[in-house]
Amino acid sequence: MELTATVLDAPDPRALAEFYHRLLGWPIGRDEPGWVTLRPPGGGAGLSFQRESIFARPTWPAAPGEQQMMMHLDIEVDDLETAGARAVAAGAALADFQPQDDVRVYLDPAGHPFCLWAG
């Protein structure tokens with residue numbers, strides 16, 4: 001078995017794929033109605049995006065009775081400030097709640113939380 005991708009649901013998979021393309025610099029692979037993939041240039045598992053017509057934005061941090069995130073991405077960076085500025089320029093929003101000093105939580109355009117951390 002080989003893990004090939006993490007799949008994120010979204011109301012507009014193409015738009016979310018474009019965001020992660022800007023953020024990570026990975027090329028877009030398959031681009032079909034309702035399904036778009038990104039693959040890292042050096043190989044390995046990528047990201048895929050599929051249309052979910054009843055998508056509900058997750059709430060960060062989790063709250064009773066609200067849609068909770070089911071997973072999040074951890075992205076290692078060299079510099080948190082520089083990477084954070086790139087994330088915002090690509091379309092992310094800095095989350096109001098930040099649980100750690102050495103990690104920054106951002107929300108992608110569909111509301112999925114992801115973490116930038118300095119390695």
Side-chain angles (χ1 to χ4, degrees):
M1 287 186 222
E2 179 181 354
L3 177 66
T4 58
T6 297
V7 181
L8 297 175
D9 292 347
D12 184 344
R14 179 70 159 118
L16 194 56
E18 284 288 342
F19 165 76
Y20 280 100
H21 166 71
R22 290 188 302 273
L23 180 67
L24 300 171
W26 295 359
I28 293 177
R30 288 178 54 188
D31 187 354
E32 302 170 2
W35 182 261
V36 182
T37 64
L38 296 181
R39 296 293 179 258
L47 292 172
S48 297
F49 309 88
Q50 70 180 3
R51 176 169 286 113
E52 176 51 67
S53 61
I54 60 170
F55 178 79
R57 290 177 70 91
T59 300
W60 172 255
E66 299 293 329
Q67 176 64 46
Q68 295 181 8
M69 70 171 181
M70 300 302 291
M71 51 76 68
H72 71 275
L73 303 174
D74 280 346
I75 301 170
E76 184 177 3
V77 300
D78 292 327
D79 179 89
L80 279 177
E81 285 197 37
T82 301
R86 179 175 174 165
V88 169
L94 182 65
D96 291 335
F97 178 66
Q98 297 294 322
Q100 298 166 288
D101 292 336
D102 58 346
V103 175
R104 295 292 176 274
V105 180
Y106 288 85
L107 306 175
D108 72 20
H112 300 288
F114 66 93
C115 296
L116 299 180
W117 65 280

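Heavy-atom basis, side chains included; hydrogens, waters and symmetry copies ignored. Count residues from 1 along the sequence.
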Please tell me if the side chains of Q100 and V105 come closer than 4.5 Å, counting only heavy atoms from C-beta onward.
no
Which atom pair, heavy atoms only, marks the closest approach of A63 to T59?
CB-CG2, 4.4 Å
Give the table of side-chain donor-acceptor pairs shorter than 3.5 Å for residues 108-117, with sequence neighbours excluded, one pair per line with atom names and distance.
residue : atom : partner : partner atom : Å
D108    : OD1  : A110    : N            : 2.9
D108    : OD1  : G111    : N            : 3.0
D108    : OD1  : H112    : N            : 2.9
D108    : OD2  : Y20     : OH           : 2.8
H112    : NE2  : D9      : O            : 2.8

Provide the closest heavy-atom pair for A45 versus L3 in the form atom of the first, atom of the second, distance.
CB-O, 3.7 Å
If hydrophobic clusters are built by linking Ile, Leu, Val, Met, Phe, Trp and Tyr wherever their side-chain heavy atoms come under 4.5 Å apart, do M69 and F49 end up in the same one?
no
Keeping R86 on the side-chain end and L23 on the backbone end, is there a donor-acceptor pair under 3.5 Å?
yes
For the hydrophobic clusters of this structure (ILVMFWY residues joined by side-chain heavy atoms under 4.5 Å, transitively), does one cluster hold both L107 and M71?
no
Beyond-backbone contact of S48 with R39, side-chain heavy atoms, under 4.5 angstrom:
yes
Residues two or more places apart in sequence or in another chain: which of them pass side chain to side chain donor-acceptor pair (under 3.5 Å) with H72?
D74
Kindly give the heavy-atom pair with the smallest separation between A95 and W60, and that separation in Å.
CB-CD1, 3.5 Å
Which pair of non-hydrogen atoms, one from R14 and one from I28, has the smallest distance, and what is that distance?
NH1-CD1, 2.8 Å
L8 and F55, any side-chain heavy atoms less than 4.5 Å apart:
no
Quick check on the hydrophobic clustering: are F19 and V88 connected, directly or via other members, by side-chain heavy-atom contacts under 4.5 Å?
yes
Which is it for W26 and T37 under the side-chain contact (heavy atoms from CB on, under 4.5 Å) test, yes or no, and what are the steps along the way?
CA-CA 10 Å; W26 295 359; T37 64; over 6 Å; no
Do V77 and L24 share a hydrophobic cluster (ILVMFWY, side-chain heavy atoms under 4.5 Å, transitive)?
yes
At their closest point, which heavy atom of D102 faces which heavy atom of L80, and how far apart are they?
O-CD1, 3.6 Å
Take atom CD of E32 as the centre, draw a 6.0 Å sphere, and report whether it contains more than 12 heavy atoms from other residues, nucleotides or ligands.
yes
Using every non-hydrogen atom in the two residues, find where L38 and A17 come nearest and quote the distance to one decimal.
CD1-O, 3.7 Å
